Participant: 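To start, I am sharing the structure in question, which I have written as structure tokens.
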2 protein chains.
Amino acid sequence: MRILIIEDEHKIAQALKKALQQENYAVDVSYDGDDGYAMATTEPYDLNIIDWMIPGEYDGLAIVKAMRKEKIHTPVLLLTAKGTIADRTTGLNSGADDYLVKPFALEELLARVRALLRRPVEVQQTVLTAGDLTLNTVTFEVKRGDKMINLTGKEFALLEFLLRNQGRPSNKDTIISHVWDYNADVLPNTVEVYMKYLRQKIDDPFKTHLLQTIRGFGYKIEAK
Amino acid sequence: MRILIIEDEHKIAQALKKALQQENYAVDVSYDGDDGYAMATTEPYDLNIIDWMIPGEYDGLAIVKAMRKEKIHTPVLLLTAKGTIADRTTGLNSGADDYLVKPFALEELLARVRALLRRPVEVQQTVLTAGDLTLNTVTFEVKRGDKMINLTGKEFALLEFLLRNQGRPSNKDTIISHVWDYNADVLPNTVEVYMKYLRQKIDDPFKTHLLQTIRGFGYKIEAK
DNA sequence: TATATAGCTTAGAGAATGCTTAAGAATGCT
DNA sequence: AGCATTCTTAAGCATTCTCTAAGCTATATA
């Protein structure tokens with residue numbers, strides 16, 4: 001699967017590139033509109049991720065419009081700064097298939113990418129489980145056995161990330177870069193605090209404990 | 001595979017060079033930024049290892065940026081002193097593919113190098129075995145037969161090193177230079193102590209003993 | 001057998017890492 | 001605006017890990 005990123009902020013572009021490569025996509029990056037337009041219209045990609053505001057004659061919207069005019073129907077995920085879109089539909093009218101408001105968490109973007117690329121159903125996974133714990137990514141419901149559990153946004157995002165990497169430990173920096181905004185600068189201690197919150201809600205009241213610490217490395221979730 | 005190291009500290013540069021050569025990479029070293037920049041942009045390398053803080057007009061970051069501007073996409077592994085990075089992502093903004101915080105253990109660097117060069121999967125070896133002992137480098141799990149074994153960070157690193165050199169004995173100094181930070185100054189006795197720890201956990205409780213001492217030389221692991 | 005050398009064992013001091021708590025900021029809701 | 005919830009930090013505490021030092025044991029050599 002080949003993905004083209006058109007984004008002038010190097011920081012964001014590189015972060016996206018790395019995350020997507022880790023999911024085994026082949027990723028190209030273009031840092032300005034003219035160059036990006038040329039690539040999008042000449043090379044065959046499976047998905048384009050385009051920033052709305054980019055330098056060059058073409059801005060993000062113009063690229064999408066031009067692509068559609070040339071009957072190139074590659075899915076487009078548009079990135080927009082907060083407040084740029086007056087109403088939700090404007091972004092999609094141009095021909096983009098989805099859009100994401102900056103700043104976003106990497107995992108949020110990966111979820112959209114998975115959806116747009118229509119990965120096989122088994123991979124899509126709307127309900128993640130570990131032992132008697134279930135997390136529904138569509139309804140935002142979390143259960144341990146029969147018991148419904150209320151999580152806050154961050155707690156939910158963290159748990160989802162751990163579940164998607166079940167068995168594999170993640171270190172705190174990796175967790176931060178995936179679960180928090182790409183420009184959030186939170187301390188590793190924040191992750192520790194959230195692990196405490198999660199444990200209080202999904203581990204402590206139950207017999208078996210799913211959340212484990214790998215000292216010196218990080219955390220994982222695993223049903224024994 | 002050709003690797004370029006740009007690093008002004010001779011001690012580190014030489015240690016890296018030696019370790020990489022032992023893994024059969026062709027290694028060039030440059031001790032300052034200007035020279036390094038020239039080499040990185042004129043010679044074709046498969047990987048660049050660049051120290052952030054180096055003398056010369058170009059520091060490490062500048063070299064990476066300049067390379068990317070000239071559309072040279074050779075993977076870059078950036079070396080940074082602890083605390084140099086304001087926020088974790090800054091290191092990757094420049095276009096570097098990975099970074100490592102000094103001081104690091106040689107084995108850690110070799111692992112990153114292997115990853116960046118995308119060595120064939122069979123070579124990567126995430127699960128190392130010797131007899132009924134298995135060590136999983138991804139999940140950090142160690143088993144002897146069915147029995148899970150808990151190792152500390154150093155114990156794990158030492159066992160991993162011995163397993164990667166299965167059958168071949170390593171002397172204490174070699175072990176120290178690979179498993180400990182390059183500027184750690186530990187006594188050979190420390191290795192002895194850690195061998196004792198490992199034996200208690202993975203040998204003593206079992207029939208066959210995998211860890212062997214070669215008197216006057218060092219240690220090896222081998223399944224008879 | 002005596003002696004030297006290498007490796008083994010043990011316990012403890014100090015360092016590193018993670019956990020916990022509480023309080024202040026930020027955000028969202030009424 | 002005011003209140004409630006959520007997010008993040010900071011500081012102290014607890015635990016675990018690392019490494020050394022000192023004495024001990026095994027092995028090789030004269």
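Only a predicted model underlies this, so the values are computations on that prediction, with no experimental measurement involved. Numbers restart at 1 for each chain; the letters A, B, ... are given by sequence-line order, proteins then strands.
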Participant: Return a table of donor-acceptor pairs under 3.5 angstrom between the side chains of residues 215-222 of chain B and protein atoms on other chains or two or more places apart.
Facilitator:
residue: B:K220; atom: NZ; partner: B:E222; partner atom: OE1; Å: 2.8

Participant: Any side-chain heavy atom of A:I6 sitting closer than 4.5 Å to one from A:N48?
Facilitator: no
Participant: Is the side chain of A:D59 donor-acceptor paired with the backbone N or O of A:A62 at a distance under 3.5 Å, no angle test?
Facilitator: yes
Participant: Considering only NZ, NE, NH1 and NH2 on the basic side and carboxylate oxygens on the acidic side, decide whether B:R144 and B:D203 come within less than 4.0 Å.
Facilitator: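 Result for this pair is yes, salt bridge flagged.
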Participant: What residues form a side chain to side chain donor-acceptor pair (under 3.5 Å) with B:R168, not counting sequence neighbours?
Facilitator: B:N165
Participant: Under a criterion of less than 4.0 angstrom to any heavy atom of chain B, what are the 5'-terminal and 3'-terminal contacting nucleotides of DNA chain D?
Facilitator: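 Terminal contacting nucleotides, 5' to 3': D:dC17 to D:dT27.
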Participant: Contact class for A:T190 vs. all strands (heavy atom < 4.0 Å): base, sugar-phosphate, or nothing?
Facilitator: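 A:T190: base contact, heavy atoms under 4.0 Å.
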Participant: What pairs with B:T213 under side chain to side chain donor-acceptor pair (under 3.5 Å), at least two apart in sequence or on another chain?
Facilitator: B:R199
Participant: Counting only heavy atoms from other residues, nucleotides and ligands, does the tally under 6.0 Å from CG of A:N189 exceed 12?
Facilitator: yes
Participant: Measure the distance from CG on B:L198 to C1' on C:dT9 and round it to the nearest whole Å.
Facilitator: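 Going from CG in B:L198 over to C1' in C:dT9 covers 15 Å.
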Participant: Are there any protein N/O atoms within less than 3.5 Å of an N/O atom in nucleotides 20-27 of chain C, and if so, which ones and at what distance?
Facilitator:
residue: C:dT20; atom: O4; partner: A:N189; partner atom: ND2; Å: 3.1
residue: C:dT21; atom: OP2; partner: A:K196; partner atom: NZ; Å: 3.3

Participant: What residues from residues 213-221 of chain A pass a heavy-atom cutoff of under 4.0 Å to DNA chain C?
Facilitator: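 Contacting residues: A:T213, A:R215, A:G216, A:F217, A:Y219.
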Participant: Short question: side chain of A:Q166, backbone of A:T129 - any donor-acceptor pair under 3.5 Å?
Facilitator: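 Checked: pair present.
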Participant: Could you tell me whether A:D181 and A:K102 make a salt bridge, using a distance below 4.0 angstrom between a side-chain N and a carboxylate O?
Facilitator: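 Answer for the salt bridge query: no.
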Participant: Counting only side-chain N and O atoms of B:K172, is one of them less than 4.0 Å from OP1 or OP2 of C:dA6?
Facilitator: no
Participant: Under 4.0 Å between a side-chain nitrogen and a carboxylate oxygen: does that hold for A:E160 and A:R164?
Facilitator: yes
Participant: Look at all strands and tell whether B:N150 reaches a base, only sugar-phosphate, or nothing, counting heavy atoms closer than 4.0 Å.
Facilitator: nothing
Participant: Surrounding NZ of A:K201 (heavy atoms of other residues, nucleotides or ligands, distance under 6.0 Å), is the total greater than 12?
Facilitator: yes
Participant: Between B:Y194 (OH) and C:dT10 (C1'), how many Å, whole number?
Facilitator: 15 Å
Participant: Which ranges of DNA chain C pair up as stems, where a stem means three or more consecutive Watson-Crick or G-U pairs with both distances under 3.5 Å?
Facilitator: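 Listed by first number, the stems are C:1-30 with D:1-30.
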Participant: Applying side chain to side chain donor-acceptor pair (under 3.5 Å), can you list everything that pairs with A:Y194, at least two apart in sequence or on another chain?
Facilitator: none
Participant: Could you pull out all residues at least two apart from B:D28 that satisfy side chain to side chain donor-acceptor pair (under 3.5 Å)?
Facilitator: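 B:D28: side chain to side chain donor-acceptor pair (under 3.5 Å) contacts with B:R2, B:Y45.
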Participant: Quick check: do A:L4 and A:L47 have side-chain heavy atoms less than 4.5 Å from each other?
Facilitator: no
Participant: Counting only non-hydrogen atoms, which of residues 153-163 of chain A are less than 4.0 Å from DNA chain D?
Facilitator: A:G153, A:K154
Participant: Among all residues two or more places apart in sequence or in another chain, which pass the ring-ring contact (aromatic ring centres under 6.0 Å, His included) test with A:F206?
Facilitator: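 For A:F206, no residue satisfies ring-ring contact (aromatic ring centres under 6.0 Å, His included) once neighbours in sequence are set aside.
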Participant: Using the test side-chain contact (heavy atoms from CB on, under 4.5 Å), find all partners of A:A105 that sit at least two apart in sequence or belong to another chain.
Facilitator: A:E108
Participant: Rounding to a whole Å, what distance do you find between B:I176:CD1 and C:dG7:C1'?
Facilitator: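 Rounded to the whole Å, the gap is 14 Å.
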